[in-house]
Structure formats: structure tokens, C-alpha cells
Amino acid sequence: MLELPYLRENREEAVARLSKRNIDAAGLVAKALELDEQRRAIQNEADGKLAEMNELSRAIGELMKGGKKAEAEVAKTKTTELKGSIQLLKERLENAEKIQQDHLCTIPNAPNSKVPLGRTPEDNKVVMQDGIIPELGAAAKPHWELGEEYNLFSLDLGVKLTGAGFPVYSGQGAKLQRALIAFFLDKAVTTGYREVIPPHMVNAASAFATGQLPDKEGQMYHAVADDLYLIPTAEVPITNLYRDMILDDAQLPVKNVGYTPCFRREAGSYGKDVRGLNRVHQFDKVEIVRIEKPENSYAVLEEMVEHVKGLLQALELPYRQLLLCGGDMGFSSAMTYDMEVYAGAQKRWLEVSSISCFETFQSNRLKLRYRGEDKNRNCCTH
RNA sequence: GGAGAGAUGGCCGAGUGGUUUAAGGCGCACGCCUGGAAAGCGUGUUUACCUGAAAGGGUAACGAGGGUUCGAAUCCCUCUCUCUCCGCCA
């Protein structure tokens, strides 16, 4: 969620940035500010009436204590009308707040000025590429054939146990999976990240705070009996560790890493995108999450990219770095790099990592702030 | 699943209808004192929104949501969570 003070004070900039998403940026911002003005007007009126009421109640208390019952009764009759208008104003205020909130929730994050214009993945900018692209010839087998041949994993067994998209890893395949997880975790820990093992299910409040709800309701597995969601990424629980918190200066930066399985319904996916392990309902992922002061966030984004590059180089994989265009970015990101690895037999680039700066978009929703220089106001983290 | 107890500020903890403007303590910050420190003394110490150039002022919040009342941390209802005991159980 974008911050209202930001929209109020930097309207032009906000519109210009949001326009990169190919949406009606001016309209959305104008509406947000209009709703804000309405809300403030109502609150002003309501606060005034409440102050009057408080004053009256205090006076009645004094009269009662002074034994002036008759005068107190007279004062009481005066409150009736006031009470009615307060009731009404409270309802209007609640309504205005909800409408404003709902509207703000529909506005995506404002892309950074470096984000290229564009609508589709073809418009993404290749920042760099490294490693040797293998020339495998026509007989090269894709991973789903190799997996079967060497008993590394089975999608058919997963179908028996659960359904399509739930792979069963076995033997060397299981060992490779475990080794990769350990490798990524260890590398992160030696770089200074703290390892966490979070729950694999979260409540609705957590899913809302990181933006999965209401946006991606249908993409998460929902355990209805207990109203819990299977996490689509470790980002959800690890980021929610800091929900409703005010951090001290000294506590920043926060650097966490965690491995979890991830669950995604992937409704609407089809074709070659879902062959083999390209896109499955349950997969393993190691997530790194950083909470930073605003002035550091973009430098840290580059730092995180370097970390991931180091991993890909160590694994000797041919990879490239993309800067996503405005049309291809996620809802809550201000700038995203995707890291892709070249799959020789499939002859295509596959996303293996995605690194985003959210600016204050997530922390505003999480109510995650820190005590900064300005003592009058706690700031959202990046 | 059943029974009981509980949820108050950064922490402990008082508070059963009206100076609660949340006592008291701990912690923290600043000042005084000191050669320096400790102790002692004094002052301050939540968050969100509104208003204001600022100083300041207003409103709301005592687990959450409703209700009673001129007035609720306090009384009533519902829910959530924690603890203790019992039952059931991979």
C-alpha cells in the first residue's frame, strides 16, 4: 500500500511513476486524494462533537458530586441530540475509512525511475549475462526425461499421492534437493543472514499484510476448517515476523534467510510452462529478506543481486539478469530483477530467482516502522 | 472436546462507574550533584489519526468486537489467545 502522505506531497511524481504500469495513474491518485479529503473532513467534525460530549460528561460528573442532581438532569437532556449526531458521524467515518482503504489497496506500487517502459516480458531489459551456453544437440534430454531415467524424481507417484504438480524426489534426486537447500542456507548464513524456520501455514492477517490477500486469494491453498493458508513463499511468514512492530535504529538492518516448501495452486497455467518441474504446486525455496532504512534500500538490492550471482557462479550455471519492465512487475514491487538460468535441452531461460525492492509498500501494510531522525514521526522501513 | 484461571504502558504490577489526565516499581533518556562514576534528587518517557509554520491543541486505543450509561480499564454479551487440570489421539 502506498503511503498517503507520499501521495499528498508528491502527487506529480507518484502519477509519473505509476504510469509505467500502463494504468490510469492520474485517475487512481486523484481518487485516493479525494477520498482522503472527505475522510478528514468527517473526522474533523466527529472529533469536535466528541470533544463537546467529553466536556459535558465532565460537567455532569462535577454536578453529581456537588449534589446538584436537578442541574445534572438538565445537562443530561442536552446530551441526547449530541449523542445522535456522534453516532451518525462515527458511522460515516468508519465507512469513509473503509472506502479509502479499499481504494488504496487496489493501487500497485509505484515503479522506480530506473524501471523500463513496457507491457510484456519481451520488454524486460537484460542487464548482464554470464557463463557458457551449452550446445547440446537434438538428442539432448530435458530434465523430466532424465529424472525418470535416473529415478531422481517422479511426477506420476506424486499424482497417486496428491495430484498433478506434486513431485516425489527420491535417491540422488532427493539428495540433490537437500544439498541445494543446505548450500543456499549456508551461503546466506556466512554472508550474515540469520536462519529462521517459520510455520508453513499462516492466518489471513499475515496473508493480507504481505499482499497475498485479497489479491491472490485463489492462488493459495486454503485450509478452510481452520482458516489457514499454505504459504506460497517463505516471504510471507518471514516478513510477518515484523508485523506491527516499531524497530529501533540500532536494530536495522534485519537480514533473515529461511527455507520452506512453497505451495501454489497455479490456476490458469498451461502448456510448456508446466512441463516437468518448470512449474509445480509444491516446490522448495530459500528466501532472503532484508529490512532496511529507506536510504540504503537500492544499494542493498544490488548487494542481494550480487549474492545470488555468486551462488549461480558457484554452481557454474549460465545465467542472466533481467530488469523487469513496468508491465511485468509484481503488484507490490517498486523494482525487480529476475535471475534466469539457461536450460540447454529446453533451449529457454528459466527464472530461478527474483529480487525486489518494495520501498515502503509492504511495511506500510505490515505497520512496520522504525524510529528515525524525525522524532515526531516513525518512518516505514524498506 | 470439557472444566477453571487469566489478558492493563518497553517490563512487572495496582485499579470493580466520575480529578485514570492509568497509582507504584523496574528500565530508559536528560538535568542536578561528583575530580570521574555509583548512590541520591529532579524532569521526562506509548501509538495512530486530525489540526497547526511551530509551540501546542483535539480524538481514539487497557486482548478484539458489540451493548448498558450523560460518563466504562471497571458492568453485560460474543469472540480470540495464554496458563492449569481432565478427556481423546496420530
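Throughout, protein chains are lettered first and strands after them, A, B, ... in sequence-line order, and every chain is numbered starting at 1. These numbers were taken from a predicted model, which means no experiment stands behind them.
- A cation-pi arrangement, defined by a distance under 6.0 Å to the six-membered ring centre and an angle within 45 degrees of its axis, is present between R365(A) and F208(A).
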Look for any protein N or O under 3.5 Å of an N or O in nucleotides 58-60 of chain B and output each such pair with its distance, or none.
residue, atom, partner, partner atom, Å
G58(B), N2, D47(A), OD2, 3.0
U59(B), OP1, N54(A), ND2, 3.2
U59(B), O2', D47(A), OD1, 3.1
A60(B), OP2, N54(A), ND2, 3.4

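- Taking atom CG of residue L63(A) and atom P of nucleotide G71(B), one finds them 15 Å apart after rounding to whole Å.
- A gap of 6 Å separates the C1' atoms of A14(B) and A23(B), to the nearest Å.
- In this model, no donor atom of one side chain and acceptor atom of the other lie less than 3.5 Å apart for N364(A) and Y6(A).
- In this model, the phosphate group of U51(B) is approached by a side-chain N or O of R40(A) to a distance below 4.0 Å at OP1 or OP2.
- Residue I246(A) is classed as a sugar-phosphate contact, given heavy-atom separations below 4.0 Å to backbone atoms only.
- Residue N378(A) has a polar side-chain atom (N or O) positioned under 4.0 Å from OP1 or OP2 of A48(B).
- Base engagement by S57(A) is indicated by at least one non-hydrogen atom pair under 4.0 Å involving a base atom.
- For the pairing with Y221(A), the side-chain contact (heavy atoms from CB on, under 4.5 Å) check across R264(A), H281(A), Q282(A) returns one residue only, H281(A).
- Salt bridge present: R58(A) and E55(A) bring a charged side-chain N and a carboxylate O closer than 4.0 Å.
- Q219(A) and R265(A) share no side-chain donor-acceptor pair at under 3.5 Å.
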